Amino acid sequence: MAPTTRSFSFPRVIIEKDTDSEQSSSEEDDDEEPLHDEDEDEGENGKDSENDGQRIEEESNNKGKAPITISLKKVCKVCKRTGHEAGFKGATYIDCPMKPCFLCKMPGHTTMSCPHRVATEFGVIPASHKNTRNALLYVFERQFKPHIPPIKPAYVIPDQVNCAVIRYHSRRVTCLEFHPTNNRLLLSGDKKGQVGVWDYDKVHEKVVYGNIHSCIVNNMRFSPTNDGMIYAASSDGTISCTDMETGISSSLMNLNPDGWQGPNNWRMLYGMDINPEKHAVFVADNFGFLYLVDTRSNNKSGQAVLIHKKGSKVVGLHSNPLQPDLLLSCGNDHFARIWDIRQLVAGSSLHDLAHRRVVNSAYFSPISGCKILTTAQDNRIRVWDSIFGNLDSPSREIVHSHDFNRHLTPFRAEWDPKDPSESLAVIGRYISENYNGIALHPIDFIDVSTGQLVAEVMDLNITTISPVNKLHPRDDVLASGSSRSLFIWRPKDDHEPTEQKDERKIVICTGTEKKRKHKSKNDGSDDDDSDVDKFTPTLKGKNLKSTKSATKMRNTPRKMKR
DNA sequence: AAAGAATGTGTCC
DNA sequence: TGGACACCCTTCTT
C-alpha cells in the first residue's frame with residue numbers, strides 16, 4: 001500500500017494543524033503534500049465527522065523509517081482547499097466560502113446569509129409597464145381582452161394537510177397530470193418509461209403500464225376529445241396514445257424507426273402539448289425540431305421545423321389557453337420563444353425570451369393566457385406580466401433554489417390553475433433547511449406578482465427533493481413526485497382553510513408521521529433548537545402558534561459553527 | 001457504513 | 001464542432 005512509497009517521498013515528520021487564524025490556511029494552501037497524503041489514505045475519510053472536522057492520519061507500519069504524518073487539517077470537498085469544510089453538519093449544509101452563493105450565484109456571501117434565502121421577495125421589483133404594441137397584439141386582435149379580477153383573492157392554502165403516499169415507480173418520477181374530469185385520478189410518468197394511473201381517494205387503487213415506453217416519459221396530456229386517452233412523449237422517440245383503462249397503446253410517431261444508430265442519431269421527444277382547436281399534438285425533440293401530429297388521423301402532418309438552436313433540446317411546449325395560434329417553447333439554448341403556429345418557419349418566432357441558463361419550463365398563464373412563467377437553471381423564476389407589453393426583459397426575476405442536478409428531474413414552476421389572479425405558482429426547492437434536526441426540501445408556493453413565499457409544504461418523512469409538482473385544476477390538492485414516490489397533499493377534512501395573511505405559512509403534513517431521526521450534536525447550538533420542543537407538538541395537534549414559531553425559525557439566519 | 005453507479009450541462013481546448 | 005472533464009445540498013443499491 002501507499003505507506004512504503006510515501007516513506008521515501010516524505011522522509012520528514014509533518015504535523016499539520018488547522019488553527020483559527022486566517023494565516024494558517026493561507027500558508028497551507030500552497031503546500032500540496034498533505035493533500036496527496038489524504039487522497040491516498042481513503043480509508044480514513046469516513047471518520048471526519050467523529051473527529052469533528054479534523055483528520056488524523058498516522059503511519060504506524062513504518063517502523064524503521066519512522067516518518068509520521070499527522071494531519072489535523074480540514075479539507076473542503078468543494079474547493080479542495082484547507083482551513084474550512086463544506087457539506088452537511090447534521091441537517092445544516094455549510095457552504096464553501098470560496099464559491100459564489102449557491103442560491104443567487106453572486107460572490108461575496110454564502111447561501112446562509114443570502115438575502116434571497118432570508119426573503120424570496122428580496123430584490124423583486126415590479127416592472128414598469130410599457131404598453132408598446134407588438135406582433136402579439138395583432139395575433140390577439142379577434143379576442144376580447146381577458147378579464148382579470150381587480151382585487152386579488154385569497155389563496156387557499158391549508159394550514160394542515162393530509163398526505164397520501166404511494167410508490168409504484170421503480171425510477172424517479174418525471175411528470176404528473178391530473179385527469180380533466182375525474183377529480184381523483186393522477187397520472188404519473190417515470191424515467192424508466194412507466195405510466196401510472198392512481199386513484200388517490202382509494203390509495204391502493206393504481207395501475208402501472210410498463211410497456212408503453214422504453215425510457216423517460218417527458219410529458220403527458222389527456223386527449224381533449226376523449227377523457228380516457230393519454231398522450232405521452234418519451235425519450236424513446238415516440239408519442240404514444242394509450243387507453244387509460246386497458247393500457248392498449250398505439251404509437252403516433254417514432255423518430256427512431258431504424259433503432260439505435262448511436263447517440264448522435266437517437267432522437268428523443270421532450271416538450272409536448274395538445275392544441276384542441278387545431279386537432280394537433282405538438283411535440284419537440286432533442287435536436288431543436290418541432291413536429292405536428294394530427295389527432296384525427298394520428299399521423300404526422302407537415303415537416304419538422306427548427307424552433308430552437310440546432311442540436312439543442314426543446315424541453316417544453318405550451319399552447320396558449322385562449323389563443324390557439326400561439327405556442328410557447330423553451331429549451332437548452334437558453335431561450336423561451338413565442339410562435340404563431342400559422343406561420344411556423346425556422347426563425348419566425350414572434351419573440352425570443354432570453355435566459356442565462358437552460359429553460360426548464362415556460363407556461364402561459366392558465367386563464368387569460370397573458371402572462372408567462374419560466375423556470376431556468378440559473379435559479380431564477382421569471383415572470384412576464386403581459387405578452388402585450390414589453391417582452392424585452394421579464395417583469396420580475398425571483399431567485400429560488402431549483403438548480404440543475406443531473407440526478408434530479410428538472411424543476412418547473414407551475415401555475416395554480418384555480419387562481420383567478422394568476423399569481424400563485426408552486427415549485428419544489430433544491431436546497432434544504434434544517435427542520436428539527438432533519439434536512440427537508442419543502443415545496444414552495446410563491447406569489448409571482450411580488451416574489452413572496454406564501455407557503456412551504458413538507459413532511460418529516462419526505463427527506464428527498466420534490467422537483468415535480470402539479471396543482472389540481474379544481475380541488476385544493478397538490479400532487480408531488482419525489483424520487484420514486486408520489487404524494488397527494490390536501491386539507492384535513494376537519495380543518496377550515498384560512499385566508500392568506502401577510503406572514504408565510506409552513507405547512508407540515510401530519511398524516512404519515514414517524515419517529516424523528518437522531519439529532520446531530522451540532523444542532524444543539526443552533527437558534528433552531530429553541531423551537532424544537534414547540535415545533536414537535538405542532539405535528540400532533542393543530543397548534544397554529546407553533547407553526548408561526550416555525551416561521552420564525554426559518555427566518556432566523558443560521559450561525560456558522562466552526 | 002461506506003462505496004459505487006446512474007449520467008446532464010457547462011466549459012475548455 | 002466536438003471530445004474531455006469537472007461538478008455544490010441525489011438517491012438508491014450493494
Side-chain angles (χ1 to χ4, degrees), chain A residues 39 41-50 75-81 84-107 109-112 114 117 167 169-174 190-192 215-216 218 235 262-266 268 270 286-288 308-315 330-334 355-360 376-379 400-411 428-435 438-442 458 461-468 481-485 517-518 520 522 558 560:
Chain A
D39 286 343
D41 283 357
E42 284 174 330
E44 296 289 329
N45 288 351
K47 295 184 178 170
D48 281 4
S49 57
E50 287 167 26
V75 178
C76 175
K77 68 172 186 181
V78 175
C79 70
K80 309 288 190 290
R81 300 176 84 172
H84 66 273
E85 278 183 308
F88 275 105
K89 286 260 185 241
T92 305
Y93 190 91
I94 309 295
D95 266 8
C96 170
M98 310 305 287
K99 294 277 184 173
C101 172
F102 187 57
L103 175 56
C104 73
K105 310 300 178 194
M106 302 302 281
H109 65 271
T110 65
T111 316
M112 291 292 176
C114 179
R117 181 162 171 139
R167 181 149 95 174
H169 287 285
S170 55
R171 292 289 182 272
R172 66 170 199 245
V173 174
T174 53
D190 74 17
K191 196 170 166 291
K192 198 183 179 187
C215 60
I216 315 180
N218 290 306
S235 290
N264 295 334
N265 297 302
W266 186 259
M268 304 188 254
Y270 282 84
N286 57 328
F287 291 107
H308 281 264
K309 185 181 171 187
K310 197 169 186 181
S312 76
K313 195 189 286 179
V314 183
V315 289
C330 63
N332 280 24
D333 64 352
H334 303 186
H355 296 67
R356 281 199 293 276
R357 284 285 185 271
V358 168
V359 190
N360 288 346
Q377 291 182 3
D378 62 352
N379 267 354
H400 176 265
S401 172
H402 51 255
D403 264 36
F404 169 78
N405 178 314
R406 65 182 147 171
H407 308 292
L408 299 174
T409 304
F411 292 84
R429 196 192 303 172
Y430 188 179
I431 52 174
S432 61
E433 292 286 346
N434 180 347
Y435 292 99
I438 306 174
L440 295 178
H441 309 264
M458 74 209 86
N461 301 300
I462 306 172
T463 53
T464 49
I465 296 168
S466 308
V468 190
S482 191
S483 186
R484 290 151 49 178
S485 301
K517 291 173 188 167
H518 75 280
S520 150
N522 296 305
R558 290 167 198 288
M560 243 233 248

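Note on naming: letters A, B, ... go to the chains in the order of the sequence lines (proteins, then strands), and numbering restarts at 1 for each one. Here the structure is a predicted model, which is why all the values come from computation and not from measurement.
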Can you list everything that forms a ring-ring contact (aromatic ring centres under 6.0 Å, His included) with [X]? Sequence neighbours excluded, please.
| X | value |
| --- | --- |
| A:Y93 | A:F88 |
| A:H169 | none |
| A:H400 | A:H402 |
| A:Y430 | A:F102 |

Would you measure the distance from the C1' atom in B:dG10 across to the matching atom in C:dT11 and give it in whole Å?
23 Å
Euclidean distance for C1', B:dT9 against C:dC12 (whole angstrom)
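So the two C1' atoms sit 23 Å from each other.
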First and last nucleotide of DNA chain C in contact with chain A, 5' to 3', at under 4.0 Å to a heavy atom: what are they?
C:dC7 to C:dT13
Only one of A:H308, A:K313, A:H355, A:K310 forms a side-chain hydrogen bond (donor to acceptor under 3.5 Å, both in side chains) with A:D333, so which one is it?
A:H308
Within the structure shown, what part of the strands sits under 4.0 Å from [X] by heavy-atom distance: base, sugar-phosphate, or nothing?
| X | result |
| --- | --- |
| A:T111 | base |
| A:P100 | base |
| A:Y430 | sugar-phosphate |
| A:L408 | sugar-phosphate |

Along DNA chain C (nearest heavy atom to each residue), the more 5'-positioned of A:F88 and A:N264
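Counting from the 5' end, the first nearest nucleotide belongs to A:N264.
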Note: for A:I431 and A:R167 on DNA chain C, the residue whose nearest nucleotide lies more 5' is A:I431
Would you give a per-nucleotide map of nucleotides 6-13 of chain B, 5' to 3', where B means the base has a protein non-hydrogen atom under 4.0 Å away, S means only the sugar-phosphate does, and - means neither?
BBBSSS--
Identify, with sequence neighbours excluded, every residue that meets salt bridge (charged side-chain N to carboxylate O under 4.0 Å, His left out) alongside A:K105.
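Partners of A:K105 by the salt bridge (charged side-chain N to carboxylate O under 4.0 Å, His left out) criterion, ordered by chain and then number, come out as A:D403.
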Please report the shortest heavy-atom distance between A:T174 and A:K191, naming the atom on each side.
CG2-N, 3.7 Å
Pairing residues for A:S485 by the side chain to side chain contact (heavy atoms under 4.5 Å, CB included) criterion, not counting sequence neighbours
A:R167, A:F487
Using the side chain to side chain donor-acceptor pair (under 3.5 Å) criterion, which residues pair with A:K192? Sequence neighbours excluded.
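Scan of A:K192 (side chain to side chain donor-acceptor pair (under 3.5 Å), adjacent residues dropped) gives A:S170.
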